[in-house]
Amino acid sequence: MSPLELVAENGLRAPDLTGDSPLAIRGMTVSYGDQPVVYSVDMTVRQGAMTAIIGPNGAGKSTLLKAALGIVAPLSGQVTVFGQGLDATRNRIAYVPQRASVDWDFPTRVSDVVMMGLYGQLGLLGRVRGLHRDRVQACLARVGMQDFGDRQIGQLSGGQQQRVFLARALAQGADLYLLDEPFAGVDAATERAIINVLHELRDEGKTVVAVHHDLSTVRSYFDDVFLINRRKMGEGPVEQAFTVPALQATYGGRLAEGQVAQLALDAG
Amino acid sequence: MGAEFVALSLPPILIGTLAALACALPGNFLVLRRQSLVGDAISHVVLPGIVVAFLVTGQVSAWPMMLGAAAAAVVSVALIEGIRRLGRVDAGAAMGVTFTAMFAFGVLLLEQSDTSGVHLDVEHALYGNLESLIWLDAVGWSSLLDPAALSGLPHELERMAIVFVLTLAFVVVLWRPLVLSTFDEGYARSLGLPVATLGLGLVIVAAITAVAAFDAVGSIIVIAMFICPPAAARLMTNQLVHQVLWSLVFAAISAVLGYVLAGYGPLWIGLPNTVSAAGMIATVSGLILAICAVAGPQRRA
């Protein structure tokens with residue numbers, strides 16, 4: 001199907017009422033070239049919940065997140081954030097990109113990266129004051145990196161890099177956190193530190209959405225799941241939507257038998 | 001060093017230094033964005049724009065040429081994107097095709113148009129004419145305070161000063177968006193920053209600088225100054241602000257030392273002729289980069 005036909009099909013869709021959901025996506029189609037990567041996806045994120053976006057490699061998980069933020073241009077689709085358009089609500093969103101998406105040899109220090117989270121407040125030429133530096137330090141402390149502010153970012157381990165990215169998002173003081181594979185390639189201590197911070201955020205009433213790979217931790221980490229394989233394959237609270245049949249449909253038989261057995265066991 | 005220095009050497013040194021500073025400043029971002037060769041590319045793609053501007057206005061004057069060059073740069077960017085999307089080739093191939101095609105078109109235009117009466121040829125494009133930018137009204141250092149004499153300064157000095165201030169203003173005012181979009185494009189976009197426009201703005205500023213410098217000092221200096229001082233500065237520090245300051249220091253040293261070595265160096269070792277200032281300035285900047293690559297504190301193991 002050509003991109004134009006995709007647009008035509010999705011264009012017929014009437015805009016749904018999405019209420020004040022922190023993130024509501026309607027009829028989102030994204031393609032690279034002629035190949036649709038995300039096809040006609042609807043998603044409604046629950047306020048104050050932690051949602052995992054789950055699916056096999058190449059299922060369009062990261063792309064969905066990027067399209068929701070306008071980082072890649074979708075062919076069609078509507079996004080509302082807290083019931084409003086993206087441009088009106090950008091200051092309420094904090095995005096944590098994949099760690100591997102940047103060059104860690106960039107000449108900058110850890111504290112400078114976290115300060116980037118305050119650029120929205122500082123504007124073009126606003127002076128960095130003590131309160132800004134204090135905030136940076138507090139965000140670093142929250143992810144256990146308070147002693148690393150003066151380090152060059154290239155000297156950090158993968159887990160430390162991921163924590164710095166999370167600290168930068170924290171500095172923004174957002175209400176909606178979108179994380180792209182925050183646990184990819186990090187050490188166990190970092191994974192615990194990050195999940196603790198994310199749970200704290202949720203308990204403060206913030207909304208967290210994360211692209212997630214590790215099916216074995218979905219149940220313990222997240223409240224809701226969103227299953228995707230190009231198309232939406234399921235959505236809802238973990239106990240209802242994170243089922244063996246739904247996962248098998250999503251992964252198309254690519255789950256190992258042992259994984260399936262373990263998940264069935266976890267599900268009781 | 002008196003009247004002769006002020007009249008013959010001071011203006012070209014100042015112009016060379018301003019050109020070097022104006023190129024090194026945006027060069028920092030180009031190098032970090034892995035777009036170092038944009039300077040090289042610009043000096044190729046702007047040629048048809050400059051020639052067309054000359055054909056339209058009938059004279060070699062700076063501002064129409066810059067507009068023409070900027071237009072050519074924008075056309076190139078559009079061509080690259082168009083070729084990339086329609087031809088489904090990677091960006092490198094699209095750029096390669098665009099740069100050579102634009103330069104070839106410029107050469108054809110140049111050949112077919114009557115530029116014999118003016119100083120516009122391919123050689124000039126490469127080496128510039130730094131040594132000819134002299135200040136005939138100067139009688140000594142006192143001329144620096146004499147308004148009548150000052151009005152006789154080469155126009156290139158004023159032009160490069162304006163371009164340097166423009167570049168400086170661009171980098172200072174847009175520092176945060178530039179840093180953010182250079183380091184983490186996805187994050188910058190998530191904040192709603194116009195990342196594509198910033199990238200285009202940077203290339204346009206580089207193009208304006210390249211064209212202004214091109215007339216005065218030639219494209220060899222432009223290409224060298226976009227890359228060598230920032231690359232050398234990167235090896236001196238791990239902080240971008242310090243890198244930019246180091247790059248300005250290196251650019252100024254290259255320009256001053258290069259000019260002096262070109263003009264006086266051969267005499268010191270008993271040779272009768274001087275050498276090309278543009279060539280020597282580029283060489284000095286290359287030597288500084290070599291020294292930093294061997295002894296810079298932040299070079300990678």
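We name chains A, B, ... by the order of the sequence lines, and we start the count at 1 in each one. Only heavy atoms go into these numbers, but all of them, side chains included; no hydrogens, no water, no symmetry mates.
With a threshold of 4.5 angstrom between heavy atoms, Q172(A) approaches chain B through side-chain atoms but not through N, CA, C or O. Only the side chain of R34(B) comes within contact range of chain A, with at least one heavy atom under 4.5 Å from a heavy atom of that chain. Using a 4.5 Å cut-off between heavy atoms, Q243(B) touches chain A through its side chain atoms alone. Only the side chain of V113(A) comes within contact range of chain B, with heavy atoms under 4.5 Å apart. Both the backbone and the side chain of V179(B) come within contact range of chain A, each with at least one heavy atom under 4.5 Å from a heavy atom of that chain. Looking at I153(A), only its side chain comes within 4.5 Å of chain B, counting heavy atoms on both sides.
Ring-plane geometry between F165(A) and W104(A) is classed as tilted, the angle between the planes lying from 30 to 60 degrees on a 0 to 90 degree scale.
The candidate from T108(A), L69(A), V102(A) with the greatest count of non-hydrogen atom pairs under 4.5 Å with chain B is V102(A). Of the residues considered (Q98(A), M116(A), K66(A)), M116(A) shows the highest number of contacts with chain B, using heavy-atom pairs under 4.5 Å. The most heavy-atom pairs under 4.5 Å with chain A, out of T182(B), V195(B), L174(B), T237(B), come from T182(B).
Ring centroid separation for the pair W175(B) and F29(B) comes in under the 6.0 Å cut-off.
Side-chain atoms of S181(B) and R33(B) form a donor-acceptor pair, as typed in the model, at a separation below 3.5 Å.
Screening D175(A), D20(A), D87(A) against R92(A) for a salt bridge (charged side-chain N to carboxylate O under 4.0 Å, His left out) leaves a single residue, D175(A).
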Evaluate the criterion side chain to side chain contact (heavy atoms under 4.5 Å, CB included) for residue pair L178(B) and F170(B); output intermediate values, then yes/no. CA-CA 10 Å; L178(B) 279 172; F170(B) 176 81; 3.8 Å; yes
Quick one, F183(A) with H212(A), criterion ring pair (Phe, Tyr, Trp, His ring centres under 6.0 Å). Give me CA distance, side-chain angles, the key distance, then yes/no. CA-CA 8 Å; F183(A) 305 115; H212(A) 192 58; 5.5 Å; yes
With side chain to side chain contact (heavy atoms under 4.5 Å, CB included) as the criterion, how do V136(A) and R133(A) come out once you've worked through the C-alpha distance, each side chain's angles and the decisive distance to 0.1 Å? CA-CA 5 Å; V136(A) 165; R133(A) 275 186 280 270; 5.6 Å; no
